[in-house]
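Below is one structure, written out as structure tokens; the observations come after it.
On a predicted model such as this, the values are computed, not experimentally measured, just so you know. Chain letters run A, B, ... following the sequence lines, proteins first and then strands; every chain starts at 1.
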2 protein chains.
Amino acid sequence: MLKDNEQLDDLQIKGLEIIQNKNKFRFGTDAVLLSAYAKIKPSGRCIDLGTGTGIIPLLLSVKTKAREIIGLEFQEDLCEMAERSVGHNKLDGRIRIIHGNIKKVQDLFGKETFENVVSNPPYMKNGSGFQSEDESIAMSRHEIMCDIEDIAKAAEFLLKDKGMLSMVHRPNRLVDVLSVLRKHSLEPKTIRFIHPYAYKAPNLFLINAQKNTQPFLKVENPLVMRRDDGEYTDEIYEIYGMERK
Amino acid sequence: MLKDNEQLDDLQIKGLEIIQNKNKFRFGTDAVLLSAYAKIKPSGRCIDLGTGTGIIPLLLSVKTKAREIIGLEFQEDLCEMAERSVGHNKLDGRIRIIHGNIKKVQDLFGKETFENVVSNPPYMKNGSGFQSEDESIAMSRHEIMCDIEDIAKAAEFLLKDKGMLSMVHRPNRLVDVLSVLRKHSLEPKTIRFIHPYAYKAPNLFLINAQKNTQPFLKVENPLVMRRDDGEYTDEIYEIYGMERK
């Protein structure tokens, strides 16, 4: 089942395992936190834009009661690997991995046919910072294939009235995210900043935005990763389903 | 010097005192924190939009090296009271209180003649929540006379190239503030959330936005008011210039 440079990683939740390539982009804390934060409607249809290894659909399949979870991915080899992970976990009945471009969702799906859209997009503007020479890694970190506006446009097309887009992004892009979502009728409803320590600046934020609703944002209590002594906080233990030693 | 229902309050910094009316809107923590947060250019001109009692100009006069500080206020009785506070502190040479409407700054000041604009505006949308029957209090809490966009428009007109607007506002208006500022060429550069306790949701935020500059926001470390034991944090002691007992 595994190809060269691939390994099978235990997701520490209900026996889930995921295939990852040691030399490519591997999932991080952000995907795990987003899967725990997204408000997924029971019995609804959910789509993950830019699913990569398929980590978010896998986690949502055990954490939520979504009826169908679709993972859309542009890179063919990642699609194929994510499909093997889905099959390995016997989740073919609930998760579908689909090869396609976020900019062309109208060719793949019906208008307003999803209750939820989730996305852990590339964080950096194309051309900014250090860009990996590995094309696959570069695409997952930099806005080469899609940017915040492409995701907002896709979500606006895919979501039913009052459907929810859930994302994770970096604080330095906060103005971009909030303005673009509002522009596309996706009103930010809750936002939660993730801080490495309680008194340190946040390095990520989670957001739920609802289609066609009134403005009123709740900035939630901070999600703190570690206590002052360096140990993970109780909440992080809970999200990861770990037991404190 | 004091009229009916007025009292003289000690600002606990360099002997400053301020006149306030016991029955009207009195300054709060937000004005003090904003005065400490605003990045004021030395030798520059600064204007406070909606100065009320004049608290922000008074604090900026001792905390910064601004050459001239103007407090603009629409309510005539507040202007008159703020002027008496300025006179009482012998700050007539540096602070001027001007009666006028934020929506008509072009009739009062030259275009692009200020290095800094600051504002502690009304937080609530007109018609939302409980609205005071006292017109003066209602105007300072609700967007009756001016809203975020009026302030952004005024700041865009008044600020020189690369000038800075500094504001304080409530987290539930974050999307409004960020989108409106960007719309008026005032790019949010730093933002700091104010939390009552480290693990509680923020109830205010401070923001510095610069005119005509590139997007890149720094979400700073949280400003925490109280430690877990209920005592003010060291930073709050420092901002208020208090000594811990």
Residues of residues 166-177 of chain B with a heavy atom under 4.5 Å from any heavy atom of chain A, in residue-number order, are P171(B), N172(B), L174(B), V175(B), D176(B)
Does anything in residues 190-206 of chain B get under 4.5 Å of chain A by heavy atoms, and if so which residues? F193(B), H195(B), A198(B), Y199(B), K200(B), A201(B), P202(B)
Give the member of N221(A), V180(A), L223(A) that has the highest number of heavy-atom pairs under 4.5 Å with chain B. N221(A)
Decide if atom NZ of K39(A) counts as having more than 12 heavy atoms of other residues, nucleotides or ligands within a radius under 6.0 Å. no
Out of T233(B), L178(B), L181(B), which one racks up the most heavy-atom pairs below 4.5 Å with chain A? L178(B)
Is there any salt bridge (Lys or Arg N to Asp or Glu O under 4.0 Å) pair reaching into residues 201-216 of chain B, and which pairs are they, with sequence neighbours excluded? E112(B)-K211(B)
CZ (F157(B)) with more than 12 external heavy atoms under 6.0 Å: yes
Can you name the residues of residues 130-154 of chain B that have some heavy atom under 4.5 Å away from a heavy atom in chain A? none
What residue, out of P215(A), S179(A), P222(A), has the most heavy-atom pairs lying under 4.5 Å from chain B? P222(A)
Which bit of K125(A) is near chain B, if near means a heavy-atom gap under 4.5 Å: side chain, backbone, both or neither? side chain
I'd like to know whether NZ of K14(A) has more than 12 heavy-atom contacts from other residues, nucleotides or ligands below 6.0 angstrom. no
Counting only heavy atoms not in K41(B), do more than 12 fall under 6.0 Å of its NZ? no
Count the heavy atoms of every other residue, nucleotide or ligand shown that sit under 6.0 Å from CD of E238(A), and state whether that count exceeds 12. no
